[in-house]
There are 2 protein chains.
Amino acid sequence: MKIGELAKQVGFTVETIRYYEKEGLLHPALRDPANNYRRYDHSHLERLIFIRRCRTLAMTHEEIQVLLQARVQPNASCETINELIDEHIHHVQARIAELQILETQLIELRGQCRAAHTTRDCGILRELDHPTEELTEPAVVHSHVPGSQCRGGQHK
Amino acid sequence: MKIGELAKQVGFTVETIRYYEKEGLLHPALRDPANNYRRYDHSHLERLIFIRRCRTLAMTHEEIQVLLQARVQPNASCETINELIDEHIHHVQARIAELQILETQLIELRGQCRAAHTTRDCGILRELDHPTEELTEPAVVHSHVPGSQCRGGQHK
DNA sequence: CTTGACCCTAAAGCAGCTTCAGGGTGTTTA
DNA sequence: TAAACACCCTGAAGCTGCTTTAGGGTCAAG
C-alpha cells in the first residue's frame, strides 16, 4: 500500500511516517520504480501500530528503539523491558508529583487576589514581585516525561 | 553589576539571561563602552526575580510578557491577570489528569510481565503488539503546560 | 487538458533553553 | 612580563517530536 493508506490505517499523518523512517524507527520502504512512491506491507503496519502504542504511552523514540530491538530477539531476557517500563512509570509519577506541587502553589497564588482591583493592588503581582518563603522553591525541577525539556523552570 | 554577578544573584545562567534579552523578556542592558560588557542595575534584578518566579510556576514567555506588561500599568484592571492564572491552573490540572491516566495504563501494562522470561513470552511486548481495548485510547492528547509540545503522543 | 488528490524532498519552525565555536578582556601569579 | 585562568562577547547549531512551508512530480477522473 501507499503511504496515505498506511497513515489512515494506523492513525498517523503521512509526514509523521516519513519522519519515523528518517529517524530510523521505521525501516525504509521499498520504492515503486515507476514513480518513486513508498510501498508498504503488513510488517510495516504492525511495526507502526507498536510504535503508536508506545507513543500513546509517552515513550521517547529512544525507549521505543530499545523495545523494537527486543522484539526481534525472542530468546533474550525481557528484563530490560521490565526495567524500561518501570523507569518510565517512575518518570511519569515524578512528573505528576511536580505538577501537583505546582498546582498547589498556583492556587495559593491565585488566592492573593479574589476580586478585581487595579494591578497596583493586585495580590498576585505583589506575590510574584516579592516571593514568599514557601512559594520560592522550584516546583518543577526536571523530568524526562511528556515535555520536560520544554517547560518547567529548572534554572541551572 | 556584570552579567555573571547578576546570574549568581538570581539563579539563572548567563546564557539564559542573554537569551531573555534577545527574546525581549529583559530590557537590553547598557554596555560598558570600554569593553562592551553588559551592565545591570537593581531594576534588572527585580525583573529577573519576577521572571524566575513565573518560570518556576511553569508559565510561558508569552504569559510572562502579559504579566510584565500589567506590572507597569498600575491603574489598569487586574482582571487579565486573574484570568491568566486561572487558565494556567486549568492547564496544569488537565496535564495532571492526563498523566494519571497514563500512569494507570503503564502500571496495567507492567502487570503483564511480572517475572523475567524471554522476550518471546513477555506479556508487555505482547500487549504492545496487540493493543487491548481499554488501553488503546490516547492517554495524552494535548496540553500547553510543561512540555506538551515535546512529548505525549497526539498522533494527528 | 485541466482539476484535484496524492506523492516526493529539503528546510524551517516550535519552546526554552544549552552547547559549541571562535575570539576578546582583565586580573593574578610565577 | 608573560602565561594562566576566569570572565565577557557573538552567532549558530542542537535538543524533542513532530508540523509546516516551499517547490515540484504523478495519476485518475471529467
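Values reported hereafter were calculated over all heavy atoms of this structure, with side chains retained and with hydrogens, waters and symmetry mates removed. Sequence lines set the chain letters: A, B, ... in the order given, protein chains first and strands last, and positions in each chain run from 1.
A donor-acceptor pair under 3.5 Å links the side-chain atoms of Asp41(A) to the main chain of His44(A), judged by distance alone. In this structure, Gln112(A) contributes its side chain and Leu109(A) its backbone to no donor-acceptor pair below 3.5 Å.
Between dG17(D) and Tyr20(A), no contact under 4.0 Å exists linking OP1 or OP2 to a side-chain N or O. Within the 4.0 Å cut-off from OP1 or OP2 of dT18(C), at least one side-chain nitrogen or oxygen of Thr13(B) is found. Neither OP1 nor OP2 of dT16(D) sits under 4.0 Å from any side-chain N or O of Thr60(A). Residue Arg31(B) has a polar side-chain atom (N or O) positioned under 4.0 Å from OP1 or OP2 of dT10(D). Dashed line: the shortest gap from a side-chain N or O of Arg55(A) to OP1 or OP2 of dT16(D) is not under 4.0 Å.
We find that OH of Tyr19(A) is positioned 11 Å from P of dC15(D), with the value rounded to whole Å. Residue Ile17(A) contributes atom CD1, which lies 9 Å from atom P of dC7(C) at whole-angstrom precision. Rounded to an integer number of Å, the gap from NE2 of His61(B) to P of dA15(C) is 10 Å. Spacing between atom OH of Tyr40(A) and atom C1' of dC6(C) amounts to 14 Å, rounded to whole angstrom units. Glu23(B) places its CD atom 13 Å from the C1' atom of dG13(C), with the value rounded to the nearest Å. Atom CZ in Arg18(B) sits roughly 12 Å away from atom C1' in dT19(C) (whole-Å rounding). Lys2(A) places its NZ atom 18 Å from the P atom of dG25(D), with the value rounded to the nearest Å. What separates CE of Met59(A) from C1' of dC18(D) is a distance of 19 Å, to the nearest Å.
No engagement by Arg39(B) is indicated, since no non-hydrogen atom pair under 4.0 Å with the nucleic acid exists. Arg38(B) comes within 4.0 angstrom of sugar-phosphate atoms only, judged by non-hydrogen atoms across all strands, and of no base.
The existence of a salt bridge linking Arg95(A) and Glu98(A) is confirmed by a sub-4.0 Å separation between a basic side-chain nitrogen and an acidic carboxylate oxygen. In this structure, Asp129(B) pairs ionically with Arg71(A), as a charged nitrogen and a carboxylate oxygen lie closer than 4.0 Å.
In this structure, His61(A) and Tyr19(A) have tilted ring planes: the angle between them lies in the 30° to 60° band.
In terms of polar N and O atoms assigned as donor or acceptor, the side chain of Tyr37(B) never comes within less than 3.5 Å of the base of dG26(C) in a complementary pairing.
Place Asn35(A) and Thr16(A) on DNA chain D by their nearest nucleotides, and Thr16(A) ends up nearer the 5' end. Comparing Asn36(A) and Asp32(B) along DNA chain C, the residue whose closest nucleotide (by nearest heavy atom) sits nearer the 5' end is Asn36(A). Mapping Lys22(B) and Val14(B) onto DNA chain D via the closest heavy atom, the residue that lands nearer the 5' end is Val14(B).
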